[in-house]
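Read through the structure below, which is laid out as structure tokens, and then see the notes.
In this chain, residues are counted from 1 in sequence order. Quick note: numbers below take in every heavy atom, side chains included, and nothing from hydrogens, waters or symmetry partners.
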Amino acid sequence: MLKPPRTGMPPPDTTPPTDYRAAFLQLALEYECLKFGDFTLKSGRKSPYFFNAGSFNDGTALEQVGAFYAQAATDAGIQFDMLFGPAYKGIPLATSAACAFQRLYGQTVPVGFDRKEVKDHGDQGQTYGAPIEGRVLLVDDVVSSGITVRGSVDLIRSLGATPVGLLILMDRGERGQGQLSAVQELEEHCGIPVISVACASDFHQFLKDVPQYRQYQEQIEDYLREYGA
């Protein structure tokens, strides 16, 4: 059921916040995308916190997430012709970013996606949405194993386009298979930069500045002493 509009409330401010990193982390806590506790990650590591972008699950949250993506990409100065969202999480995230570029900067940005299963009827092929061409900026939530992104980069190149970067929400700053971080390993393997809305240092500073979350600071510092890049 759709939620009724809040009466007497001013329209949302569509100007990207100056400190968008802190605003993003606050939104992640409000929507319980960031949780504290005892979590087992895909890597098998036991983490005191967990990030799940799937909890950004309504129009209000996705509108703001899109603005954070657009601000991070603009600050990075990366040049691109279109956005690409790897299925499945990347689909709404890339869409929200494309809408934000139009809303905030007046830029009409094409957006395309891949399919998990190739269709053999109707609109056939490995991708849908805008044709995959030119300079392509990928949009996803986090980098874990990097398998999905590597597959997307290979697909984009096979279609004659050029991947120019990956835009993510959260860089956990943890080691991958070696001494480099998972993000650095992906950059090295794919030959593209990874741009994050927020990184581990932003997260640590945010926890220090907000009294009710300081209690988790020591656990996270212990975790990163063991697994940080």
Side-chain angles (χ1 to χ4, degrees), residues 2-3 5-6 9-34 51-114 127-143 148-149 152-153 156 161-172 183 192-199 202-203 206:
L2 293 176
K3 297 178 182 178
R6 297 180 181 179
M9 296 289 289
D13 182 5
T14 56
T15 304
T18 302
D19 188 3
Y20 63 85
R21 294 173 180 85
F24 159 69
L25 291 169
Q26 184 61 51
L27 184 73
L29 289 167
E30 290 174 3
Y31 276 79
E32 298 186 344
C33 296
L34 265 174
F51 177 75
N52 174 25
S55 294
F56 290 131
N57 55 17
D58 66 27
T60 299
L62 287 169
E63 181 179 47
Q64 294 179 69
V65 166
F68 299 142
Y69 274 129
Q71 182 72 20
T74 301
D75 281 0
I78 192 164
Q79 301 297 309
F80 62 95
D81 300 310
M82 69 171 297
L83 300 175
F84 179 90
Y88 290 108
K89 281 187 181 178
I91 295 173
L93 297 177
T95 302
S96 71
C99 292
F101 276 108
Q102 175 62 47
R103 185 175 72 252
L104 301 176
Y105 305 114
Q107 299 174 5
T108 299
V109 179
V111 57
F113 318 99
D114 64 338
T127 66
Y128 68 104
I132 310 302
E133 56 190 16
R135 298 168 298 180
V136 182
L137 179 60
L138 291 85
V139 181
D140 213 339
D141 55 349
V142 296
V143 170
T148 298
V149 173
S152 296
V153 166
I156 290 166
T162 303
V164 294
L166 169 65
L167 191 57
I168 61 173
L169 288 172
M170 186 79 172
D171 176 4
R172 291 177 59 103
V183 162
I192 60 174
V194 177
I195 302 154
S196 61
V197 173
C199 63
D202 300 316
F203 184 38
F206 179 81

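In terms of heavy-atom proximity, D202 sits nearest to L25 at O-CD1, 3.7 Å. The shortest non-hydrogen separation linking I91 to G85 is CG1-O, 4.0 Å. Across A67 and A100, no two heavy atoms sit closer than the pair N-CB, 3.6 Å. When every heavy atom of P163 is checked against every heavy atom of I192, the shortest pair comes out as O-CG2, 3.4 Å. R135 approaches Q79 most closely through the heavy-atom pair NH1-CB, 3.5 Å. In plain terms, the two heavy atoms of A94 and V111 that are nearest each other are CB-CG2, 3.8 Å.
Residues V197 and Q71 are not in side-chain contact: their nearest non-hydrogen atoms beyond the backbone lie 4.5 Å or more apart. Side-chain atoms of F203 and R172, non-hydrogen and from C-beta on, never get closer than 4.5 Å to each other. For the pair N52/K89, a side-chain contact is recorded, criterion being any heavy-atom separation below 4.5 Å from C-beta on. Annotation: side chain of D19 is in contact with side chain of R21 (closest heavy-atom distance under 4.5 Å). Counting heavy atoms from C-beta outward, E133 and D81 have side chains that stay 4.5 Å or more apart. In this structure, L137 and V109 have side chains that are not in contact, with every pair of non-hydrogen atoms separated by 4.5 Å or more. Contact check for L83 versus Y69: no side-chain heavy atoms found under the 4.5 Å cut-off.
Among the candidates D141, L169, T60, the single residue satisfying the side-chain contact (heavy atoms from CB on, under 4.5 Å) test with V65 is L169.
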**Message:** Is there a side chain to side chain contact (heavy atoms under 4.5 Å, CB included) between L167 and I195? Walk through the geometry before answering.
**Reply:** CA-CA 5 Å; L167 191 57; I195 302 154; 3.7 Å; yes
**Message:** Go through it in stages, so that I can follow the logic: the residues are D75 and Y20, the test is side chain to side chain contact (heavy atoms under 4.5 Å, CB included), and I'd like the CA-CA distance, side-chain angles, deciding distance and then a yes or no.
**Reply:** CA-CA 11 Å; D75 281 0; Y20 63 85; 3.1 Å; yes
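Using a 30° and 60° split on the angle between ring planes, F56 and Y31 fall in the tilted class, from 30° to 60°.
The side chain to side chain donor-acceptor pair (under 3.5 Å) check on Q102 picks up T108, with sequence neighbours excluded.
Taking the six-membered ring for Trp and the full ring otherwise, F101 and F80 have centroids separated by under 6.0 Å.
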